[in-house]
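The analysis underlying the following values was restricted to heavy atoms, covering all of them including side chains, and did not include hydrogens, waters or symmetry mates.
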Amino acid sequence: MASGSSPVTRFAPSPTGMLHIGGARTALFNWLFARHEGGKFLLRIEDTDRERSTAQASTAILDGLRWLELEWDGEVTCQSKHIERHGQVAQTLLDQGKAYHCYCSPEELTEMRQRAKAQGRPALYDGRWRDRDPSDAPQGVNPVLRIKAPRQGETVIHDRVQGEVRVSNRQLDDFILLRSDQTPTYMLSVVVDDHDMSITHIIRGDDHLTNAFRQQVIYDALGWGVPEFAHIPLLHGTDGAKLSKRHGALSVSAYKDMGYLPAAMRNYLLRLGWSHGDDEIISNEQAIEWFNLDSLGKSAARFDIDKLNYLNGHYIRQLDDQELSQDVLNILKSTNSITVDQTAQQRLLAAMPEFKQRAKTLIELADNCVFLVSSRPLPLTEKAQSQLSEQAPALLAELRGKLETTEHWTAEALDKAIRTFADKKGLKFGKVAQPLRAALTGGASSPGIFDVLAILGREESLGRIQDQAAAD
RNA sequence: GCGCCCUUCGUCUAUCGGUUAGGACGCCAGGUUUUCAACCUGGAAAGAGGAGUUCGAUUCUCCUAGGGCGCGCCA
């Protein structure tokens, strides 16, 4: 049983695709539990399906975990390395009469299931080779090895999330341990590996809940203690359907590309199925301090991008300006083919305190920053063009003359100068600010106009105003 | 078909038999204002349905409905 003072959890993905957010959350919970308990968080790649496993998927999963900053302990284990050991365990089961060979063909099994379904019985293997004399074995057929599952009574698992779950053994059949090519099945491999790796807590999606019964049967046959189970509810897409690739870009790397922060992602995922009273914004430290299995919910949750956006905005505002401007710089370089020189870099850094207040994602932040590093003359959006119609060019020409004489190019001084200018002209401040904004940014919305002016600097600002001002 | 799991505002959730059913996102209104955000204030918004247990059920039990998962020589 899971006694002892140092729990060991594991995340055991099969390398058949990207790490999606459902898997990411499972990893997060395992990681948090291990960190909270001062135990270990191990990573095991379940690659026994040679057909579908790929090295790329393996790499993608590892990259996803690294991005989320979920550090695993020790070396990554590959299940395929333990095949020999799995075979040995199967052999002892056979030797002890707890497993047997079955010579059924796939067609025979399919027919068996179909008939059972049609008759309203569970679609299970009927155990026809269980007590059959081995001398009946057909020639030239490689048998599979099946476990002798109990036929009476019931199998009970104690789950930290689901409670005590019991099922009649009539619902369990003599499932396969070793395929006809002698390779172990998932059911055997997980049990042996979890045991050999001294896993104390198995935290995984509740799509494995019914597997747990079968695994319990193996544990019992082997006389091994069973780890603690915690089957967490699955994540659903926005529409309530199962999370799948069809429901949008749901791999972890896709969220990275969309400009989400790992901290936001972790916070969001944590609150999907786990709670700590009314707390919503939970730091990594708090999460580790607070995480427990008892506060896990039992029902499936839908993915809600709005809330992720909100959290991401929050964490962007928390981020260090230096780090943030570097992120923005990288995005701008890769997406806008803009040459970002020294001044542009300085502008970005100077812009961060203001600009980070108004972005939900890194991508949005970078978009908002583009005008800072664009070279003159700026392209104008439709809205900017309308702001620059009629009297605006003349107004800007006049304003430019005024600003040229401004001694100190600071937000404070410019504030004063422009307000005075508007007053003298008998204009509402906005009537001056909007055309100015259009000239400076090429758009109709931006952070405070004085900040923009200060960030762009005297020369660039005056130049941009000049571009849109009426000729003398 | 058989089995298991789930069901509180649109969404994520709190509630460990007694609450005006709380918070958050989103939404609406107002404030701030120089645009967009951010921020502040206020508002609308929920116990799937039905039985039972109980002085009293969102909370416990059962049934129904709906949803999910599993039933592979996949993991």
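Ranking B:U34, B:U7, B:C12 by closeness to the A:Leu272 side chain, first place goes to B:C12.
Looking at heavy-atom distances under 4.0 Å, A:His208 makes contact with a base. Within 4.0 Å of A:Lys117, counting heavy atoms only, lies at least one base atom of the nucleic acid. Note on A:Asp173: nothing from the nucleic acid sits closer than 4.0 angstrom, heavy atoms only. Nucleic acid contact class of A:Arg52 (heavy atoms, under 4.0 Å, all strands): base. A:Ser275 comes within 4.0 angstrom of the backbone, heavy atoms only, and of no base. Note on A:Ala301: only backbone sugar-phosphate atoms sit closer than 4.0 angstrom, heavy atoms only; bases stay farther off. Heavy atoms of A:Phe429 sit under 4.0 angstrom from at least one base atom. Contacts of A:Tyr268 with the nucleic acid, taken as non-hydrogen atoms under 4.0 Å apart, are absent. When heavy atoms are screened at a 4.0 angstrom cut-off, A:Ser446 is found touching base atoms of the nucleic acid. When heavy atoms are screened at a 4.0 angstrom cut-off, A:Lys383 is found touching no nucleic acid atom at all.
Comparing A:Gly448 and A:Asp206 by the nucleotide of RNA chain B whose heavy atom lies nearest to each, the residue mapping closer to the 5' end is A:Gly448. The 5' end of RNA chain B is approached more closely, in terms of each residue's nearest nucleotide, by A:Leu296 than by the other of A:Leu296 and A:Tyr310.
Every side-chain contact (heavy atoms from CB on, under 4.5 Å) that A:Gln182 has, sequence neighbours left out, goes to A:Leu178. Looking at residues two or more places apart in sequence or on another chain, you find a side-chain contact (heavy atoms from CB on, under 4.5 Å) between A:Glu154 and A:Val156, A:Arg166.
In this structure B:C73 sits in no base pair that meets the Watson-Crick or G-U test at under 3.5 Å. With a 3.5 Å ceiling on both atom-pair distances, B:C16 lacks any Watson-Crick or G-U wobble partner. Remark: B:C4 base-pairs with B:G68. Criterion, Watson-Crick or G-U wobble with two distances under 3.5 Å. Partner assigned to B:G52 is B:C60, using Watson-Crick or G-U wobble distances below 3.5 angstrom. Of the nucleotides present, none pairs with B:U33 by Watson-Crick or G-U wobble criteria with both distances under 3.5 Å.
Counting only N and O atoms by type, the side chains of A:Gln88 and A:Arg85 include no donor and acceptor under 3.5 Å apart.
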